[in-house]
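Encoded as C-alpha cells, the structure appears first; notes follow it.
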Amino acid sequence: MTEAEQYICIGCPIGCPLRLEHEGDKIIEISGHDCDRGAKYAKQEFTEPRRDFSTTVAISGARWNRLPVKVNRQIHKDRVMEGARIIHELQVEAPVKLGQVLIKNVFGEEGIDVVACRTMDRVIS
Amino acid sequence: MSLKWKTINIQKPGKKFNILGHMEQAYDVVVIGGGPGGMGAALGARESGVARVLILDRESEPGGILLQCIHSGFGLHYFKEQLTGPEYAERFLNKVIDDNVKIMAGSYVSGIAVDSDGTKQVRVLSEDHGQVIVKTRAVVLSMGCRERTRGAIRIPGTRPSGVLTAGLAQKFVNMMGMLPGKRIAILGSGDIGLIMARRLMLEGCEVVGVFEYLPYSNGLTRNVVQCLEDFGIPLHLSTTVAYIHGRDRVERITVAPVEKDLKPDLSQARDIQCDTLLLSIGLIPENELSQSLGIRLDLITGGPWVSSTLETSMPGVFACGNVLHVHDLVDYVTRESLLAGRFAGEWAQGVRRPVDNIRLIPGDNVRYCVPHSLSTEREHTIYMRCKTVMQPCKIRVGNLMEKKLRFVVPAEMIMLKIKPHLLDKFHGDTLRIDILPEDA
C-alpha cells in the first residue's frame, strides 16, 4: 500500500512543501521540490532524520552556573528527548577544557560522546 | 559579585596575559566590543601590520553573545564546519590571544575625545583599573546590537513580571541556570525566539505557541522545522499579542489575528494561559557611543553611515558587525570585521585610500545597502536587504549590471560583488540599486 509523508524543505528560505510516497521502506516518488536539495532532504528525512544536539549541564566552581555541551555527532531525531534527560543528570566541576569528553558512548553506542563546548576555568570565590 | 570576578584572569593554558600598565601605553587600533565583530577587527588590524591592538569589552570575559548561543550552526562559511556559539568564540579568542592582541575585559567605554592631531583618547571605566584614558590612532566600533523590548511595539496591558526578551531568557537559561517561567508564549518568530522555544522545551518548560504578526516566519526555515515542528510547538502566523494580563506575574495573554493593515482584529481575540511572554521582535544596533561622537547614522539600519573602507563620518573611526547593521550569520560578521580591522590598521599606519566618489542609493524594494559609498579602484562587496518577498527577481545596479536571483526575502541578507572594471566605465556620482521582478 502506498503511503505519503509531508516535509518542508529546509534547503533555503523558499521552504518547498515536499511529498514523499513510499511502500514500507521503499521510496516510490518525491514531489514538490524546486531543486535537487529538496529531493535529497526528503530522502534523508524519510530514511534517517538526524539532528545536531546541544544543551547545558550544571557546573560548580566556575564563573557561570551552566556549561554548554554537545553530542559530537548528529543523533536520530527521536533520541533528542532521551539525550536531554541523560545529559541533564550530569554535574561537572571546573576546570573543564573545550572538547573534553564528559560522557562516553552516551547511548551505549560507540563513538557518540557528550563533549564540552568551551573552556571554563576554576574560579576562587 | 564583583569581588568574586576580580580574581579571574582570562587565560589560555600556559599563557597568562597581564593587562596592567595600559594607562601609559598608546595603541594603533582600539576595538570597542569583544564579540565576534571585535575579535575579527583585532585580527584584521594585526594582519595589516600594526603591533599594538587592544580590545575593550564591558563583560567579564570576551566572546559576546556567542557565549549564550549554545546551538550549532556557526562557522559553516568560515571554518567549513558546524560549531556551537561558544566553540566559535573560543577559536577566535585563541587566535586573538596568540596574535598578541591585548584584551581588557570588565571595561566600559564612556566616551571618546579627538585631539587636534587626530589622536583619539578613549575614556574607559574598568573594573580592574578604575578610570583610564587609552590613546590610539584608530578606533573600531563593534558594540553589537540589543533587542527590541515591549516598549518598542507598545503591547497594551498590565506590567507584570514575566515579560522579557528572548535573548535575555537565553542568557538566564544557558549561562546562569535559571528558567524564566513554566508556561511560555513567544511573540515574534525571529531565530532567537524559535531557538528559545526548543531550548525551553528541552529544559522541561511548556511552550504554548509562537505568534507572528506577519503572514510568514522571520526565522530560517531550518529553525521552524527543527525547533518548532520537531517538538510540536504551534506557530500562529498573522497573529499578535493584543493584551497582557496579570497583576504581579503574567497570568494570561490575549491573542488576535491581524487584518491586512496589520491591526489586531479584536472580535476574534482569544485568551491563552501562560506565566511568561518572550519577545523576539528584532534587534537594534547599539550606537549611543557613536551618537555621542556625532557620527552620522543611517536611519534605516540604525548603524553608522560608512564608506567602502567601513570608515564612519569621523576620520579614523571604523565600524563593523551588528553595530553597523544586523547580520544573519556570524560568518558574515567575521568577514566584515576582518576587513574593517585591516582598514583601521592601514589608517593607523598613515595609509589614506582614495576618497569614495560614488554614492549608493537604495531603490525599488531595497531597504538598505552597506557600505553607503564606493570607490572605483577595487572590488566591492555590498550587503543589502529587500523590503518584501520577491521570487524570481533580478538586481539592477544602475546601468552597470543585472543579476538574476531565485528569490529575495527580508530575513536574508543579499550579497553583491561589484568588479572594478564595471566601475571604471562609470562616470556618475550616484548609483541606484533596484530589486525588480524578473520580467521588468
Side-chain angles (χ1 to χ4, degrees), chain A residues 6-18 34-35 38 41 45 49-60 62-74 77-78 80-85 87-88 94-99 115-125, chain B residues 1 3-5 7-13 60-61 63 66-73 82-91 93-94 171-178 198-199 201-204 216-217 219-226 229-231 389 391 406-412:
Chain A
Q6 313 273 353
Y7 305 107
I8 298 171
C9 180
I10 62 165
C12 80
I14 294 179
C16 294
L18 306 173
D34 230 21
C35 69
Y41 174 72
E45 280 293 286
R50 292 192 156 260
R51 298 284 185 265
D52 290 310
F53 181 59
S54 56
T55 181
T56 61
V57 298
I59 185 166
S60 54
R63 178 182 312 213
W64 302 102
N65 298 327
R66 306 295 293 186
L67 172 76
V69 300
K70 71 172 184 183
V71 179
N72 63 348
R73 274 199 217 161
Q74 289 202 319
K77 186 173 122 180
D78 298 341
V80 166
M81 272 307 194
E82 185 195 344
R85 264 193 301 277
I87 298 169
H88 199 82
V96 173
K97 288 224 178 332
L98 171 68
V115 300
C117 288
R118 62 167 288 182
T119 301
M120 263 201 207
D121 294 329
R122 190 160 185 90
V123 174
I124 306 121
S125 51
Chain B
M1 195 181 274
L3 274 176
K4 184 173 146 196
W5 287 5
T7 58
I8 303 163
N9 263 324
I10 305 143
Q11 63 181 74
K12 232 188 107 181
S60 60
E61 57 178 350
L66 281 175
L67 297 180
Q68 67 185 55
C69 299
I70 61 150
H71 51 280
S72 79
Q82 293 249 18
L83 299 172
T84 63
E87 289 173 305
Y88 192 96
E90 193 158 329
R91 284 198 186 190
L93 185 57
N94 285 340
K171 185 167 186 176
F172 283 168
V173 174
N174 292 347
M175 298 182 81
M176 299 163 87
M178 301 189 285
R198 169 175 67 184
R199 191 70 199 105
M201 283 297 268
L202 285 172
E203 289 297 332
Y216 48 87
S217 159
L220 296 171
T221 322
R222 174 196 160 93
N223 285 336
V224 175
V225 171
Q226 297 191 351
E229 288 190 4
D230 277 8
F231 294 89
V389 183
Q391 134 189 42
R406 277 183 63 216
F407 62 89
V408 292
V409 290
E412 211 165 272

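In this text, all values refer to a predicted model and were calculated from it rather than measured experimentally. By convention in this document, chain letters (A, B, ...) are assigned in the order of the sequence lines, proteins followed by strands, and residues within each chain are numbered from 1.
B:E229 CD to A:K77 NZ: the interatomic distance, rounded to the nearest 0.5 Å, is 8.5 Å. To the nearest 0.5 angstrom, B:R198 atom CZ is 9.0 Å from A:F53 atom CZ. Rounding to the nearest 0.5 angstrom, the gap separating the CG atom in B:D230 from the CG atom in A:D78 is 9.0 Å. In this structure, CG on A:D34 lies 7.5 Å from CD on B:Q391, to the nearest 0.5 angstrom.
Nearest heavy-atom pair across B:V225 and A:I8 is CG2-O, 3.9 Å. Scanning all heavy atoms of the two residues, the minimum distance from B:Q82 to A:K70 falls at O-NZ, 4.2 Å. Here the closest heavy-atom approach between residue B:L202 and residue A:V80 is recorded as CD2-CG1, 3.8 Å. Between A:P68 and B:P86, the closest heavy-atom pair is CG-CG, 3.7 Å.
With chain B as the partner, the residue from A:S54, A:C117, A:G83 showing the most heavy-atom pairs under 4.5 Å is A:C117. Highest contact tally toward chain A, considering only B:H71, B:M176, B:M175, is held by B:M175 [criterion: heavy-atom pairs under 4.5 Å].
Contact annotation for B:F231: only side-chain heavy atoms (C-beta onward) come within less than 4.5 Å of a heavy atom of chain A. Neither the backbone nor the side chain of A:Y7 comes within contact range of chain B; no heavy atoms are under 4.5 Å apart. Using a 4.5 Å cut-off between heavy atoms, B:E90 contacts chain A through its side chain alone, with no backbone atom that close. For a residue to count as touching a neighbouring chain, one of its non-hydrogen atoms must lie under 4.5 Å from one of that chain's; by this rule B:V173 touches chain A with the backbone only.
Here A:D52 pairs with B:R222 in a salt bridge; the nearest charged N to carboxylate O distance falls below 4.0 Å.
Under the 3.5 Å distance criterion, the side-chain polar atoms of A:R63 are matched with a main-chain donor or acceptor of B:S60.
With contacts defined as side-chain heavy-atom distances shorter than 4.5 Å, the pair A:T55/B:E203 qualifies.
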Worked check of side-chain contact (heavy atoms from CB on, under 4.5 Å) between A:T56 and B:R199 = CA-CA 10 Å; A:T56 61; B:R199 191 70 199 105; 3.0 Å; yes

